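This structure is a prediction, so every number in the text was calculated from the model and none was measured. We use all heavy atoms of the structure for the numbers below, so side chains are in, but hydrogens, waters and symmetry mates are not.
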Amino acid sequence: MFIKGNYSEKGDEYKVDLIEGLKDGTITFYEQGNFTDLCRGPHLPNTGYIKAVKIMSIAGAYWKGDEKNKQLTRIYGISFPKKKLLDEYLAMLEEAKKRDHRKIGKELELFTFSSRVGQGLPLWLPKGAMLRERLENFLKSVQKKYGYEPVITPHIGQKELYVTSGHYAKYGKDSFQPIHTPAEGEEFLLKPMNCPHHCEIYKSKPRSYKDLPVRYAEFGTVYRYEQSGELHGLTRVRGFTQDDAHIFCRPDQLKEEFIKVIDIVLYIFKTLDFENFTTQISLRDKEDRSKYIGSDENWKKAETAIVEACKEKGLKTVIEYGEAAFYGPKLDFMVKDALGRSWQLGTIQVDYNLPERFELEYTGSDDKKHRPVMIHRAPFGSMERFVAVLIEHTAGKFPLWLTSEQVAILPVSEKFNDFAHNIKTKLNNSDVRTIVDDRNEKVGKKIRDNEMKRIPYMIIVGEKELESGMLSIRKQGEGEIGKMTIENFAKFISQRVAEELK
RNA sequence: GCCGAUAUAGCUCAGUUGGCCAGAGCAGCUGAUUUGUAAUCAGCCGGUCGGCGGUUCGAAUCCGUCUAUCGGCUCCA
């Protein structure tokens, strides 16, 4: 009481608030000279340990992290025991900034934004669109192998559809508002997710237990009115395309289906060299169960299925209580960006809610009606976010199979332009994506420019090559790697691509 | 949405306390050069200084507002 009174006298209402909020009754203090602080600790024994200090930024932060509370100014600083360590850290930050997908996306002309089009609405440029198309084709071929069927649904749906799904009640006010038509009272919504449309496809005909599981996949573009301050490059946008699919299965198939989805995600991550991901299982809050819908029994089944599936696949998971969606538990795959910020990529979610709301059914072997379970899954999360993270992981040096321009041919002078274009035609006919840099520049300049465009291979052609038919090959970032005939080089490239996709 | 900052040519950035026609490098165009493994030279083109409004004899510069971006907070079906 005495201490609290002390802070009250000083008018330090936040310290008073903290003391009042302490549950265990033990209050610890730290002293630094004549400065006394209420703190759980630990503190440094004395400030002499701090040798190198830098203020990094100043920003607003809500008191106790709650949006309803007042906002205070938070000062971010960093300190190291030696100046040298601080300098190294700052240099590392600078390096990380060079990998920022917003910077590389601009440099490599992958995507852009326009304030006229609107905040958070990315415009994919030709090279970015080609990259994305290749990723989509890759995913489509994987999904085909795993028994997914493609579906296509419109970008809007009647408001009623989302009233049925429950999303209108939960997010309607904070979303893009309904689209009106000349017809009185008619309202449509831009789709914020694909599930309701897919549920309607499920309902388009009667289902038997023998038909399940049914797996519907779609690259579905959705629109969500994210808070303006939360938008960030391609990682958080207002219009994006999910590599979405919904699996409708019997309760007894849930675990097996869940494991298959984990397999797909792991295969995709492996192919793209994503090794440093973490996995998180999100379950219900241990105490407050009021915010979740569905029966306790179903939740338990689903949560057990996820935990066991992860165990069987040997995933090192972190379990977070209270992080589940209101309709079911989920498993998320997270990766860090260049600056160490965490982003959720792949997600697998179990849903008992939508089958209920849409009254989805199948006829069981007992000739009675049963309710299927739904799994939402998106290995990339969204094409936008995935491409962003891929850019930062590779610093723009995409795998050979994925990159738009695989080979650049550099004639040493204009005399060899025709020769270069002939090679290009031959390589393109062998499915090697090739360009010719026939600008009137010196070879050194062309090498430099094409290195910076991150083109994996370069071929320098001049008098020697024209006579011998042997091409001088250069690898991005490494330099000359030897001489090859056109035929051998084409084979070399296709072998590399095949290895990457193995 | 909230706190703080920023917005000058296609890109990266200069532009002193308000003061002649707003500058540079790169990119682009034209010409010269005909080039051998990370930048050849010269000339030219290019800007409603983010939009709107205000203060002033005078605004890229000061003020207001809107839009967008950046760093956080909060949020993320």
Side-chain angles (χ1 to χ4, degrees), chain A residues 55-76 93 97 100 102-103 106-107 109 112-121 162 165-172 174-175 191-196 222-233 235-238 240 242 244 323-328 330 332 339 341 343-344 347 349 351 353-354 376 378 381-382 385 408 410-417 439-453 458-465 472-481:
Chain A
I55 302 296
M56 302 304 283
S57 68
I58 295 175
Y62 296 104
W63 173 241
K64 289 181 171 175
D66 189 337
E67 201 180 2
K68 291 183 190 79
N69 286 338
K70 209 167 123 186
Q71 200 163 44
L72 312 178
T73 300
R74 184 182 288 170
I75 299 170
Y76 291 81
L93 272 189
K97 276 186 195 156
D100 193 310
R102 293 166 296 190
K103 182 175 152 64
K106 196 181 272 180
E107 284 169 3
E109 298 183 3
T112 190
F113 288 90
S114 150
S115 58
R116 248 184 228 284
V117 172
Q119 271 190 301
L121 299 170
Y162 300 99
S165 73
H167 289 105
Y168 187 77
K170 198 163 169 69
Y171 298 102
D174 303 318
S175 290
K191 71 174 171 190
M193 80 291 298
N194 305 298
C195 352
V222 297
Y223 300 90
R224 299 177 186 179
Y225 191 75
E226 305 290 5
Q227 295 190 86
S228 61
E230 193 38 62
L231 300 170
H232 182 97
T235 48
R236 193 76 183 275
V237 287
R238 283 178 171 169
F240 57 96
Q242 297 177 306
D244 210 359
E323 288 293 307
F326 68 94
Y327 50 76
K330 58 179 182 169
D332 292 327
L339 292 175
R341 290 174 291 216
W343 295 98
Q344 178 207 307
T347 181
Q349 312 186 355
D351 186 351
N353 173 45
L354 286 183
H376 309 245
S382 76
R385 183 175 289 178
L410 321 181
V412 294
S413 87
E414 284 176 357
K415 284 188 273 183
F416 305 103
N417 282 355
R439 292 174 304 162
N440 180 9
E441 295 288 351
K442 295 176 110 169
V443 189
K445 167 81 162 173
K446 292 186 187 181
I447 288 172
R448 182 184 159 78
D449 288 350
N450 287 286
E451 282 278 343
M452 294 206 298
K453 279 166 76 182
M458 280 175 248
I459 302 177
I460 286 99
V461 293
E463 190 65 41
K464 285 183 263 173
E465 287 72 22
S472 171
I473 315 294
R474 216 192 128 89
K475 188 160 190 239
Q476 203 266 349
E478 290 180 21
E480 287 185 77
I481 58 166

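In terms of phosphate contacts, A:Arg102 brings a side-chain nitrogen or oxygen within less than 4.0 Å of OP1 or OP2 of B:rC70. OP1 or OP2 of B:rU67 has not a single side-chain nitrogen or oxygen of A:Ser115 nearer than 4.0 Å. Between A:Gln344 and B:rC76 there is no side-chain N or O to OP1 or OP2 distance below 4.0 Å.
Side chain of A:Arg238 to main chain of A:Leu121: no donor-acceptor pair is present (N/O by atom type, distance under 3.5 Å, no hydrogens or angles). Under a 3.5 Å cut-off, the side chain of A:Arg385 and the backbone N or O of A:Thr235 do form a donor-acceptor pair. Remark: side-chain polar atoms of A:Lys446 are paired, donor with acceptor, to backbone N or O of A:Pro411 under 3.5 angstrom.
A donor N or O paired with an acceptor N or O is not found under 3.5 Å between the base of B:rG1 and the side-chain atoms of A:Tyr225. For A:Arg236 against B:rC76, a side-chain N or O and a base N or O form a donor-acceptor pair under 3.5 Å.
Note that the CG atom of A:Asp332 and the OG1 atom of A:Thr347 stand 4.0 Å from one another [nearest 0.5 Å]. Distance check, rounded to the nearest 0.5 Å: CG of A:Asp449 to CZ of A:Arg439 gives 4.5 Å.
Atom CG of A:Leu231 is separated from atom C1' of B:rC75 by 11 Å (rounded to the nearest Å). Here the P atom of nucleotide B:rG72 and the CG atom of A:Asn69 are 22 Å apart, to the nearest Å. We find that NZ of A:Lys170 is positioned 8 Å from P of B:rC76, with the value rounded to whole Å. At whole-Å resolution of the value, CH2 in A:Trp63 and P in B:rC3 are 19 Å apart. We find that CZ of A:Arg224 is positioned 19 Å from P of B:rG1, with the value rounded to whole Å. To the nearest angstrom, C1' of B:rC73 lies 14 Å from NZ of A:Lys68. Distance CG (A:Asp100) to P (B:rU12): 12 Å, rounded to an integer number of Å. The CZ-P distance, from A:Arg74 to B:rA5, rounds to 18 Å in whole Å.
In this structure B:rG64 sits in a base pair with B:rC52, meeting the Watson-Crick or G-U test at under 3.5 Å. When both distances must be under 3.5 Å, the Watson-Crick or G-U wobble mate of B:rA14 does not exist. Figure legend. B:rA5 is base-paired to B:rU69; pairs are counted as Watson-Crick or G-U wobble with both atom distances under 3.5 Å. Here B:rA42 sits opposite B:rU30 as a Watson-Crick or G-U wobble pair (both hydrogen-bonding atom distances under 3.5 Å). In this structure, B:rA59 makes no Watson-Crick or G-U wobble pair, since no nucleotide meets both defining distances under 3.5 angstrom.
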**Request:** Kindly determine whether A:Glu226 and A:Leu231 satisfy side chain to side chain contact (heavy atoms under 4.5 Å, CB included), including the steps that lead there.
**Result:** CA-CA 7 Å; A:Glu226 305 290 5; A:Leu231 300 170; 4.0 Å; yes
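Between B:rG46 and B:rC29, the two C1' atoms lie 10 Å apart (nearest whole Å). Between the C1' atoms of B:rG15 and B:rA24, the separation comes to 11 Å (whole Å). Across B:rU6 and B:rC44, the matching P atoms stand 36 Å from one another, rounded to whole Å. Comparing the C1' positions of B:rU35 and B:rC49 gives a spacing of 41 Å, expressed to the nearest Å. Taking atom C1' on both B:rU67 and B:rG50, the two are 8 Å apart, rounded to the nearest angstrom. Remark: the separation of the C1' atoms in B:rA22 and B:rU40 is 30 Å, to the nearest Å. Here the separation of B:rG19 from B:rU61, taken at their C1' atoms, is 11 Å to the nearest Å. Here, B:rU12 and B:rC70 have their P atoms 12 Å apart, quoted to the whole Å.
Residue A:Ser165 is out of contact with every strand shown, counting any heavy-atom pair closer than 4.0 Å. Residue contacts for A:Tyr327: at a heavy-atom cut-off of 4.0 Å it reaches the sugar-phosphate backbone alone, with no base atom in range. Nucleic acid contact class of A:His232 (heavy atoms, under 4.0 Å, all strands): sugar-phosphate only. Note on A:Gly65: only backbone sugar-phosphate atoms sit closer than 4.0 angstrom, heavy atoms only; bases stay farther off.
With respect to A:Arg474 and A:Glu451, a salt bridge is recorded, a charged nitrogen being found less than 4.0 Å from a carboxylate O. With salt bridges taken as basic N to acidic carboxylate O contacts below 4.0 Å, none links A:Asp66 and A:Lys64.
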Per-nucleotide protein contact along nucleotides 34-40 of chain B, 5' to 3', at a 4.0 Å heavy-atom cut-off (B base, S sugar-phosphate only, - neither), is BBBBBBB
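For the pair A:Glu67 and A:Lys330, nearest-nucleotide mapping onto RNA chain B gives the more 5' position to A:Glu67.
Summarising the local packing, CZ of A:Phe326 is surrounded by more than 12 heavy atoms from other residues, nucleotides or ligands at distances under 6.0 Å.
Side-chain atoms of A:Gln227 lie closest to B:rG1 of the nucleotides B:rA77, B:rG1, B:rU67. Closest to the side chain of A:Gln71, from the set B:rA77, B:rC3, B:rC73, is B:rC3.
Here A:Phe113 does not count as stacked on B:rA68, because the ring centres are not under 5.5 angstrom apart with planes under 30°.
Looking at A:Met193 and A:Tyr162, their side chains come closer than 4.5 Å, going by heavy atoms from C-beta outward.
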